[in-house]
Amino acid sequence: MRSYMFSVLVIVILILSWATDHFHNGMLQAQKAEHDARKDQLKSQSALKNTLAVITLFQDIAQITHENRRSNVAESEKRISRIRKEMHKDACAHLPVPAGIADQLRAHRERIQALSHSPSTTRIAGGL
């Protein structure tokens, strides 16, 4: 009877240790899955944050560019107005431009336009 009790006790201990191990492995797997899910969520949040930062940066650049263009147009209009006023006073301004000078001015304008479309920003406009 003693050996029977001992055998039952050993079997109960073995079953309990197996159940504990099985439960513990299940808990570890659940914790690992939860940890992996958190890592994936953090990666997604980081990617989203970076994307939003890039979008904000592009919007800021676009806004600054737009404001600069607006400012340049306003300054240009003021310059044109001043030049017209000054030219109106000058008798020479009402005379036609000689053909040779007009051709040189057109060529100069074309060089400037060609350089403005060129990827090289180190050259001076007009080839000077």
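Count residues from 1 along the sequence.
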Taking atom [atom1] of [X] and atom [atom2] of [Y], what is their separation to the nearest 0.5 Å?
X	Y	atom1	atom2	value
Thr20	Trp18	OG1	CH2	10.5 Å
Arg82	Glu77	CZ	CD	12.0 Å
Lys78	Ser81	NZ	OG	10.5 Å
Ile55	Asn50	CD1	CG	11.0 Å
Tyr4	Leu9	OH	CG	12.5 Å
Thr65	Asn72	OG1	CG	10.5 Å

hydrophobic_cluster_shared for Val97 and Met87, side chain cutoff 4.5 Å: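 Hydrophobic grouping puts Met87 apart from Val97.
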Arg79 and Glu75 ion-paired at < 4.0 Å: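 Counted as a salt bridge, because a side-chain N and a carboxylate O are separated by less than 4.0 Å.
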Side chain proximity check, Leu42 to Gln45, heavy atoms < 4.5 angstrom: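 A side-chain contact exists here, since the closest heavy-atom pair is under 4.5 Å.
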Within-4.5 Å side-chain heavy-atom neighbours: His22 and Asn25: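 No, their side chains stay 4.5 Å or more apart.
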Candidates Arg70, Gln63, Arg69 - the one meeting side chain to side chain donor-acceptor pair (under 3.5 Å) with His66: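 It is Arg70, the one option of Arg70, Gln63, Arg69 that forms the side chain to side chain donor-acceptor pair (under 3.5 Å) with His66.
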Summary of salt bridge (charged side-chain N to carboxylate O under 4.0 Å, His left out) pairs that have at least one residue in residues 84-99, sequence neighbours excluded: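 Salt bridge (charged side-chain N to carboxylate O under 4.0 Å, His left out) check on residues 84-99 returns Glu86-Lys89.
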Derivation of the side-chain contact (heavy atoms from CB on, under 4.5 Å) call for Val8 and Met5: CA-CA 5 Å; Val8 170; Met5 290 290 275; 5.6 Å; no
Chi angles and distances behind the salt bridge (charged side-chain N to carboxylate O under 4.0 Å, His left out) call for Glu34, Arg38: CA-CA 6 Å; Glu34 186 177 328; Arg38 279 192 208 140; 2.3 Å; yes
